[in-house]
Amino acid sequence: MSDHPLDAIFDRFISSPSIFKNHEVLRPSHIPDKLPHRDYEIQFLGKALGSALRNNRPSNIFLYGKTGTGKTIVSKYVTKYLQERANSIGKNIIVSLLNCVEIDTDYRVLARLCDLIGEPVPFTGLPTDEVFQRFKAKLDSKKQLLIVVFDELDKLHQKSGDNVLYQLTRINTDLKKAQVSLVCITNDLSFKETLDPRVRSSLSEEELVFKPYNSLQLEDILAERAKEGFHEGVLTEGVISLCAALAAQEHGDARRALDLLRVAAEIAERENESKVLQSHVRKASKQIEKDTIQEALISLPVQTKLVLWAVYVLEKSTLKVITTGDIYKVYLELCKTTGLDPITPRRANSLLNELSMLGVVNTKVVSMGRYGRTTKVSLSVSPRQTRNILCEDFYIKKVSDFNAQTLLGKD
DNA sequence: TGTCCACTGGAACGTACGGCTT
DNA sequence: AAGCCGTACGTTCCAGTGGACA
């Protein structure tokens, strides 16, 4: 017991005090008591939803703003307190926050809402219409207000259209006891134009745009959280402002700023330092970028990985410009070697577009006149990292030393 | 000025699967 | 057991297109 190989490491955790006082406070999901620089937004939403306490159905609300501008947290902040106050006077308000990145079909939206009001439904098997009927019946079984917050609504709309939105905006005419209000959040400013006009007008009875934070405002936000999150004096001079400045470069994203600060402190702790230094923040910045890419790549389906590998292989070749045609040629060869059934060019093209959405590759549609119209593709993440991550895959391993040169030479 | 390449990207459809209702 | 339903992944078909070249 005295000479366990982990003793040295574990002892360090026991003996030296943690940098963190409360780790949770530094997560973007935490809702603090104060939200600096969002007073107006909080008041606005509070006024809009407050009418619920007076038995009126609140207007439907549209919230715009880029990522990390506080849309989600302000919504949570306001609805949480609204629920508390409603409970204290015996009113029944249910709030459902739906993240449309995960809940991206009509069926899933309704299934989630059903779960919430105590009408569990299977995750597949029922007609969507049936789920809606059940939801409506259960909801109307007593007097209550349901506030549905659609976070990143554009993702739901993109995949499944506005069917469910239409139904939900109309539902109040059918309900006798219960009422439904909608809060829609999106970071796509032009999104509203793509909605069905009927849905659009009833969804945006009220509207609010969240402006990005500037560097100073981000500092305030970080300072506020740091008070609770860290022991006193562990953040050295300039750490907070560096986090703020780095995040402000990326359109004033508060989530990013918080992540930077938290990860920087984690790195400091791992390095057995008692204080967080600016160098830790820089390391954190690199680390976060790396993690994001890794997460995106590792979970890709095999076919997508193979298409990406084709891009990688071509990037390594002497070719100056990579087009979809070349990628497909290489892809077919990769399929031969790995023994996988190839997908069609059409499908490969879709996968390439998905990779572009993820920010893994750059794509640009170009016309080469006589020589047709195609898409120029390039890797937008480090090739070395792409290789390291993809080569963990069973199939990619088989083609890890594939050389595009011979193939291109033949043509 | 018109042609025509090498695709792009929308739409409809097919298949496999888990899981429901009757 | 039969008949649906939603989801994921893929195919087939094909009209549309930007711009270098004859």
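In the text below, chain A, chain B and the rest are named by the order of the sequence lines, each starting its count at 1.
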Proximal nucleotide (of B:dG9, C:dG10, B:dC7) relative to the A:Q303 side chain
C:dG10

Could you please name the option among C:dA8, C:dC9, B:dT8 that lies closest to any side-chain atom of A:R347?
C:dC9

Rounding to an integer number of Å, can you tell me how far A:E354 CD sits from B:dG9 P?
13 Å

Can you tell me the distance, in whole Å, between the NZ atom of A:K376 and the P atom of B:dT8?
14 Å

Has the side chain of A:R57 got a donor or acceptor atom that lies under 3.5 Å from a matching backbone atom of A:V180?
yes

Can a salt bridge be assigned to the pair A:E228 and A:R225 using a cut-off of 4.0 Å between side-chain N and carboxylate O?
no

Would you find a donor on one side and an acceptor on the other, under 3.5 Å apart, between the side chain of A:T337 and the backbone of A:E333?
yes

Is there a side-chain contact between A:T386 and A:L308 in this structure, where contact means two heavy atoms from C-beta onward sitting under 4.5 Å apart?
yes

Over all strands shown, is A:T344 touching base, sugar-phosphate only, or nothing at heavy-atom distances under 4.0 angstrom?
base

Counting the atoms with a prime plus P, OP1 and OP2 as sugar-phosphate, which does A:E130 contact under 4.0 Å by heavy atoms, base, sugar-phosphate, or nothing?
nothing

Round to the nearest Å and state the distance from A:K364 atom NZ to B:dC7 atom P.
17 Å

Between CG of A:L156 and P of C:dT7 the distance, given in whole Å, is 11 Å

Just to be sure I understand the rule, does A:S350 reach a base, reach only the sugar-phosphate, or reach nothing, if contact means heavy atoms closer than 4.0 Å?
nothing

Heavy-atom contacts, protein to nucleotides 13-22 of chain C, under 4.0 Å, summarised as B (base), S (sugar-phosphate only) or - (none) per nt, yield B--BBBBBS-

Establish, with yes or no, whether the OP1 or OP2 oxygen of C:dT7 is under 4.0 angstrom from a side-chain nitrogen or oxygen of A:T105.
yes

Please state whether the phosphate of C:dG6, meaning OP1 or OP2, lies under 4.0 angstrom from any side-chain nitrogen or oxygen of A:T128.
yes

Rounded to whole angstroms, how far apart are CG on A:N349 and C1' on C:dT11?
14 Å

Distance-only, no hydrogens or angles: does the A:K71 side chain make a donor-acceptor pair with backbone N or O of A:G65 under 3.5 Å?
yes

Could you give the CG-to-P distance, from A:L352 to B:dT8, as a whole number of Å?
8 Å

Reading nucleotides 13-22 of chain B from the 5' end, what letters show protein touch, with B for base, S for backbone sugar-phosphate only, - for no heavy atom under 4.0 Å?
-----BBSS-

When rounded to whole Å, the CD1 to P distance for the pair A:I327 and B:dT8 reads 9 Å

Classify the side-chain pair A:S350/A:R346 by whether it contains a donor and acceptor separated by less than 3.5 Å.
yes

One thing to verify: whether A:E289 and A:K286 come together as a salt bridge, which I'm taking to mean a side-chain N less than 4.0 angstrom from a carboxylate O.
no

Is A:R108 close enough and on-axis enough to A:F123, meaning under 6.0 Å and within 45°, for cation-pi?
no

Does any N or O in the side chain of A:D253 come within less than 3.5 Å of the main-chain N or O of A:R256, such that one atom is a donor and the other an acceptor?
yes

